[in-house]
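We count ligands from 1, going down the list as the structure has it; atoms in each ligand are counted the same way.
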Amino acid sequence: MAKRRAPACVIVAIANQKGGVGKSTTAINLGAALALRGERVLLVDTDPQANATSGLGFTRGDFTHSVYESLIGDLPVEEVVEPTRVKDLYLAPASIDLAGAEIELVARFAREKALTRALDGAKARYDTILIDCPPSLGLITVNALTAADEVLIPIQCEYYALEGLSQLLRNIELIQSNLNPHLKIEGVVLTMYSRRTRLTTEVAAQVREHFGEVAYETAIPRTVRLAEAPSFGEPIELFDRTSPGALAYRYLAAEFRRRHGRS
Ligand code: ATP
Ligand code: MG
């Protein structure tokens with residue numbers, strides 16, 4: 001029998017220019033669930049709001065370097081990384097100076113590839129690298145999509161969910177044809193799902209019709225515990241591991257691993 005090769009690192013950008021759809025929540029909790037299944041996971045926070053960073057319990061004084069220095073100063077991401085409270089989950093934290101990076105990047109050489117360059121050395125150390133993107137299609141998101149192998153799109157189950165998505169998909173196509181031909185849409189995940197509302201079921205049906213198998217079977221329910229966990233600086237797995245939100249992110253991680261031939 002052929003010897004099994006160790007699976008290569010996969011870099012996943014979690015993106016949707018729409019705000020508040022569950023990007024950071026998914027980055028934190030999918031990351032933690034994958035780490036608890038034995039993967040080595042790096043979460044790269046590229047959002048100046050730093051929600052993934054604070055959601056993992058980090059405030060400004062807790063780290064020396066941030067992703068800003070990787071984007072603007074070519075500091076290799078592995079030098080930015082901090083261990084988190086979850087074994088095998090690592091964080092490249094964001095800081096508020098990333099707000100200026102959008103502008104500062106404009107003047108940089110090969111400005112779309114700054115993150116690609118900075119991540120190069122980190123790839124060998126992780127099974128999965130998740131990039132939490134800001135809610136815009138600016139240069140930071142372009143950098144994330146250029147560095148990524150795959151994009152995961154969280155979609156909030158609400159009336160305007162699909163609006164604006166075509167803009168994201170067009171941007172992904174532009175990146176595929178100009179900067180990163182091997183980028184693929186890894187998946188679409190429904191977030192803040194509430195079984196009791198008709199709207200949710202309608203949006204879910206639309207998304208599944210539009211995306212087919214790209215849509216994850218797992219939908220993330222709307223639960224207070226998921227919203228509370230970040231203020232305690234903990235992924236849901238540490239905060240309340242028996243809650244429906246924790247279970248959902250565990251299912252999502254299992255599905256993610258099956259899709260990548262890792263289970
Ligand atoms: P932004 O675009 O601002 O970066 P985002 O897409 O990263 O936002 P989150 O920060 O993950 O979205 O979520 C937005 C808000 O909704 C947060 O307050 C979060 O705690 C809450 N939230 C996310 N997912 C759920 C859920 N499944 N159930 C309840 N609340 C949730
Ligand atoms: Mg966010």
Side-chain angles (χ1 to χ4, degrees), residues 12-33 43-58 66-68 91-96 98-99 101-102 130-138 140-145 148 151-158 160-165 167-168 171 187-197 199-201 203-204 207 216-253 255:
V12 185
I14 302 182
N16 187 338
Q17 82 277 18
K18 198 166 173 159
V21 296
K23 292 180 289 294
S24 303
T25 304
T26 298
I28 292 170
N29 293 302
L30 175 61
L43 198 174
V44 180
D45 189 353
T46 67
D47 185 355
Q49 297 178 99
N51 293 144
T53 299
S54 58
L56 284 171
F58 288 79
S66 91
V67 170
Y68 172 80
L91 170 73
S95 53
I96 187 65
L98 270 170
E102 226 26 282
L130 301 175
I131 308 174
D132 186 24
C133 294
S136 83
L137 291 170
I140 290 182
T141 298
V142 169
N143 262 272
L145 294 173
V151 51
L152 174 60
I153 309 174
I155 297 183
Q156 187 181 345
C157 294
E158 52 155 23
Y160 293 111
L162 294 177
E163 234 175 59
L165 214 57
Q167 209 187 337
L168 174 62
N171 272 261
V188 160
V189 58
L190 292 163
T191 61
M192 300 182 225
Y193 192 99
S194 58
R195 220 171 283 282
R196 280 163 300 163
T197 66
L199 182 61
T200 293
T201 9
V203 171
V207 166
Y216 270 89
E217 271 167 46
T218 309
I220 308 299
R222 179 184 287 281
T223 78
V224 177
R225 301 300 269 169
L226 274 175
E228 285 171 345
S231 56
F232 293 85
E234 288 183 338
I236 193 71
E237 279 284 357
L238 298 187
F239 184 62
D240 188 353
R241 68 175 308 277
T242 60
S243 65
L247 195 65
Y249 275 107
R250 244 176 275 151
Y251 280 137
L252 188 70
E255 233 187 307

Residue pair Q49, S24: steps toward the side chain to side chain contact (heavy atoms under 4.5 Å, CB included) verdict
CA-CA 10 Å; Q49 297 178 99; S24 303; over 6 Å; no
For a quick test of reading the model, state the closest non-hydrogen atom pair linking [X] to [Y] and the distance between them.
X: P154; Y: A15; value: CD-O, 3.6 Å
X: K23; Y: N16; value: NZ-O, 3.0 Å
X: A161; Y: Q156; value: CB-O, 3.1 Å

- Query: Can you find a pair of side-chain heavy atoms, one from F232 and one from L238, that are under 4.5 Å apart?
  - Reply: no
Check your understanding: Taking C-beta and beyond as the side chain, do L199 and C157 meet within less than 4.5 Å on heavy atoms?
Key -> no
Worked verdict on V189 versus T218 for side chain to side chain contact (heavy atoms under 4.5 Å, CB included) | CA-CA 7 Å; V189 58; T218 309; 5.7 Å; no
Which pairs of donor and acceptor atoms, one on a side chain in residues 244-252, lie under 3.5 Å apart (sequence neighbours left out)?
unit_1 : atom_1 : unit_2 : atom_2 : d
Y249   : OH     : T26    : OG1    : 2.9
R250   : NE     : E237   : OE2    : 2.7
R250   : NH2    : R241   : O      : 2.3

Taking 2.8 Å as the strict upper bound, the Mg ion (ligand 2) has protein N, O or S neighbours numbering 1
Sorted by chain and number, sequence neighbours left out, side-chain hydrogen bond (donor to acceptor under 3.5 Å, both in side chains) with N51 holds for none
Contact set, ligand 1, heavy-atom distance under 4.0 Å, ordered by chain/number, equals K18, G19, G20, V21, G22, K23, S24, T25, D47, Q49, P135, M192, I220, P221, R222, T223, L226, A227
